[in-house]
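Structure, as structure tokens:
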Amino acid sequence: MAIEIQTTSLRVVNEQLREAIAAKKCHGCGCLHQTVAALSRTEVGAAELAPVLAEARSVFTRKQYDCLGCPICYPALAANAFSQAFPAAGDGLDLCPTEAPTERRGWPPLPGDYQVLRFRAPVAICTLNSSVLAGSIGKTDPEAVAIVGTLHTENLGIERLIRNVLANPHIRFLVLCGPDTEQAVGHLPGQSLVSLFENGLDDRRRIAGARGKRPVLKNVSAAQVAAFRRQVELVALIGEERQEVIRSQAAELARRDPGPFDGAPADQPVETILVAEPRRLVPDPAGFFVVYPDAPRRRLMAEHYTTSGVLDAVIEGATPAALYTAAAERKLLSRLDHAAYLGRELARAERSIQTGEPYVQDRAAGEIAAEPATSCGCGTSCTPEGAP
């Protein structure tokens, strides 16, 4: 019986690889490239499958994409048939064409198709295969949401999601929405992720109950998977694309936020820095600004003075961004703390125009050193003697 199964499976492998050889779109696809490379490293690939694998390599063009997401993936059918006939060899095959991601400092540590909104929010939203839905939700900037993004694969995609979530202990809920793939040979990342929460991994690191093409998690540890399942409560709304429903669900979850998770097995990549008010002001060698609103004309004004108190530029515009951009472009600022101060004061002046409240330029934080006797850059409140 085993020999009969192997014979039938090898026939399927040959048939599906020849379909891929005949399809020009497969020639530059990572699915075919990686499947041929993986099968070639097996004993069967070096013997019975050698002719068809050599023919496949002869039609290769430069890889243009990892996966096209075709409704029927010939290399995937060939790989699945091989794994069924030769499970010992099939379990060890590296069939994913996507390059392993490079970890980086900060959060999220792994790249992906997502938008970060705020680190300390408790909800993550995964829109599965809909980048449009993710983008639309991100534009509304819901307060409850830390990150919103897509998920296209049931292996590397889920691995990246696990590692990025574990790196942020504030995320306690994951809303799964948007369309899952509906393909003859599809990744089904949504169904696979639900299965992971319900069943975990089997002894071959395969997501138990997952129906995706290859739901095997090789790049996360069992401890990381266990921590992920404890940290996050999954809310499965697969197929839901109404933004108001998704945002409402996120807000409801945020109201029962249990607080940061402390059971992650890895160090957090983001340092929280507690700061105090600066004790000393360092003058900006480029000079200082006097900011005021011109309420009748609804314009913002910023006068720039040299350190000796000489007015050398007047910047006028309708928004804070217009003024501080012009100041930076003209190199009227040389220190970041003074740039931050200018932005804050311009925002206060703009609010004065909008509300009618009086505006008085605030002094910068800290104490100016007695030597040298130059401007601290905070405007008229502590300029050197004789300056305006």
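FYI, side chains are in, hydrogens and waters are out, and symmetry mates aren't considered; it's all heavy atoms of this structure.
A 4.5 Å side-chain heavy-atom check between Arg204 and Val216 finds every atom pair outside the cut-off. In this structure the side chain of Pro293 never reaches within 4.5 angstrom of the side chain of Arg298, judged on heavy atoms. Two residues are said to be in side-chain contact when any heavy atoms from C-beta on lie closer than 4.5 Å; Arg57 and Val36 meet this criterion. Taking 4.5 Å as the limit, every side-chain heavy atom of Ile207 sits out of range of all side-chain heavy atoms of Asp202. Residues Cys177 and Gln249 fail the side-chain proximity criterion, which asks for heavy atoms closer than 4.5 Å. Within the 4.5 Å cutoff, no side-chain heavy atoms of Val290 are placed close to those of Leu311. At least one side-chain heavy atom of Pro189 sits under 4.5 Å from a side-chain heavy atom of Asp180. Here the side chains of Pro296 and Asp294 are in contact, with some heavy-atom distance below 4.5 Å.
Between Arg348 and Glu350 no salt bridge is recorded (no basic side-chain N to carboxylate O distance below 4.0 Å). Using a 4.0 Å cut-off between a side-chain N of Lys or Arg and a carboxylate O of Asp or Glu, Glu233 and Arg256 qualify as a salt bridge. Ionic pairing of Lys218 and Glu159 is not present here: no N-O contact between side-chain nitrogen and carboxylate oxygen is shorter than 4.0 angstrom.
Looking only at distances, no side-chain donor or acceptor of Tyr114 sits under 3.5 Å from a matching main-chain atom of Ala134. In this structure, Thr35 contributes its side chain and Leu32 its backbone to no donor-acceptor pair below 3.5 Å. Looking only at distances, a side-chain donor or acceptor of Thr306 sits under 3.5 Å from a matching main-chain atom of Val310. Side chain of Gln191 to backbone of Gly209: a donor-acceptor contact under 3.5 angstrom is found. Arg62 places no side-chain N or O within 3.5 Å of a backbone atom of Gly28 that could act as its donor or acceptor partner. Checking side-chain atoms of Arg229 against main-chain N and O of Phe197 turns up a donor-acceptor pair under 3.5 Å. For the pair Arg163 (side chain) and Pro109 (backbone), a donor-acceptor distance under 3.5 Å is absent. Remark: side-chain polar atoms of Gln224 are not paired, donor with acceptor, to backbone N or O of Ala226 under 3.5 angstrom. The closest donor-acceptor contact from the side chain of His338 to the backbone of Phe289 lies at 3.5 Å or more, if one exists at all. Gln361 places a side-chain N or O within donor-acceptor distance of the main-chain N or O of Val291, the cut-off being under 3.5 Å.
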Hey, mind stepping through Glu19 and Leu77 against side chain to side chain contact (heavy atoms under 4.5 Å, CB included) and telling me if it holds? CA-CA 11 Å; Glu19 290 281 2; Leu77 285 173; over 6 Å; no

Before giving the answer on side-chain hydrogen bond (donor to acceptor under 3.5 Å, both in side chains), spell out for Thr150 and Asn129 the whole-Å C-alpha distance, their side-chain angles and the decisive distance to 0.1 Å. CA-CA 6 Å; Thr150 60; Asn129 284 285; over 6 Å; no

Candidate pair Glu357 and Tyr359, rule side-chain hydrogen bond (donor to acceptor under 3.5 Å, both in side chains), full reasoning: CA-CA 6 Å; Glu357 298 175 357; Tyr359 169 79; over 6 Å; no

Check against ring-ring contact (aromatic ring centres under 6.0 Å, His included), Phe60 and His27: CA-CA 5 Å; Phe60 279 1; His27 298 175; 8.4 Å; no

Full working for side chain to side chain contact (heavy atoms under 4.5 Å, CB included) between Trp107 and Val116: CA-CA 9 Å; Trp107 184 77; Val116 174; 3.6 Å; yes

Run Glu55 and Val59 through side chain to side chain contact (heavy atoms under 4.5 Å, CB included) and show every step you take. CA-CA 7 Å; Glu55 186 178 350; Val59 301; 5.6 Å; no

Residues Leu201, Arg206; criterion side chain to side chain contact (heavy atoms under 4.5 Å, CB included); working and verdict: CA-CA 5 Å; Leu201 300 177; Arg206 187 181 183 92; over 6 Å; no

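Interatomic distance, OH of Tyr74 versus SG of Cys31, reported as 13.0 Å (0.5 Å rounding). Note that OG of Ser40 is 4.5 Å distant from CG of Leu53, once rounded to the nearest 0.5 Å. Taking NZ of Lys24 as the reference point, atom CD1 of Ile21 lies at 14.5 Å (rounded to 0.5 Å). Between atom CD1 of residue Ile125 and atom CG of residue Leu176 there is a gap of 11.0 Å, rounded to the nearest 0.5 Å. Taking CZ of Phe82 as the reference point, atom CG of Leu49 lies at 6.5 Å (rounded to 0.5 Å). To the nearest 0.5 Å, atom CD of residue Glu241 and atom OG of residue Ser130 are 5.5 Å apart.
Annotation for Arg230 and Gly263: closest pair NH2-O, 3.5 Å, computed over non-hydrogen atoms. Nearest approach of Ser192 to Pro215, heavy atoms of both residues: OG-CB, 4.3 Å. Nearest heavy atom pair, residue Ala250 against residue Val123, reads O-CG2, 3.6 Å. The two residues Gly178 and Leu128 have their closest heavy-atom pair at O-CD1, 3.6 Å. Taking both residues in full, the closest heavy atoms of Leu217 and Asn155 are given as CD2-O, 3.6 Å, listed atom of the first, atom of the second, then distance. What you find for Leu333 and Asp284 is that their closest heavy atoms are CA-OD2, 3.7 Å.
A continuous path of ILVMFWY side-chain contacts below 4.5 Å connects Leu133 to Leu117, so both sit in one hydrophobic cluster. Tyr305 and Met301 fall within the same hydrophobic cluster, defined by Ile, Leu, Val, Met, Phe, Trp and Tyr side-chain heavy atoms under 4.5 Å apart, directly or through other members. Note: the hydrophobic cluster containing Leu39 also contains Val44 (ILVMFWY, side chain heavy atoms under 4.5 Å, direct or indirect links). A continuous path of Ile, Leu, Val, Met, Phe, Trp and Tyr side chains, each step under 4.5 Å between heavy atoms, connects Leu234 with Ile171, placing both in one hydrophobic cluster. Ile147 and Ile137 sit in two unconnected hydrophobic clusters of ILVMFWY residues. Membership requires side-chain heavy atoms under 4.5 Å apart, directly or through other members.
In the displayed structure, Arg330 atom CZ is contacted under 6.0 Å by at most 12 heavy atoms of other residues, nucleotides or ligands. By the neighbour-count criterion of 12 heavy atoms within 6.0 Å, atom CD of Glu15 is densely surrounded, having more than that number from other residues, nucleotides or ligands. Within 6.0 Å of CD on Glu43 lie no more than 12 heavy atoms contributed by other residues, nucleotides or ligands. Within a 6.0 Å radius of CG in Asp262, other residues, nucleotides and ligands contribute 12 heavy atoms or fewer.
Across Thr153, Val225, Val220, Leu196, a single residue satisfies side-chain contact (heavy atoms from CB on, under 4.5 Å) together with Ile158, and that is Leu196.
In this structure, Phe119 and His170 have perpendicular ring planes: the angle between them is above 60°, well past the 30° mark.
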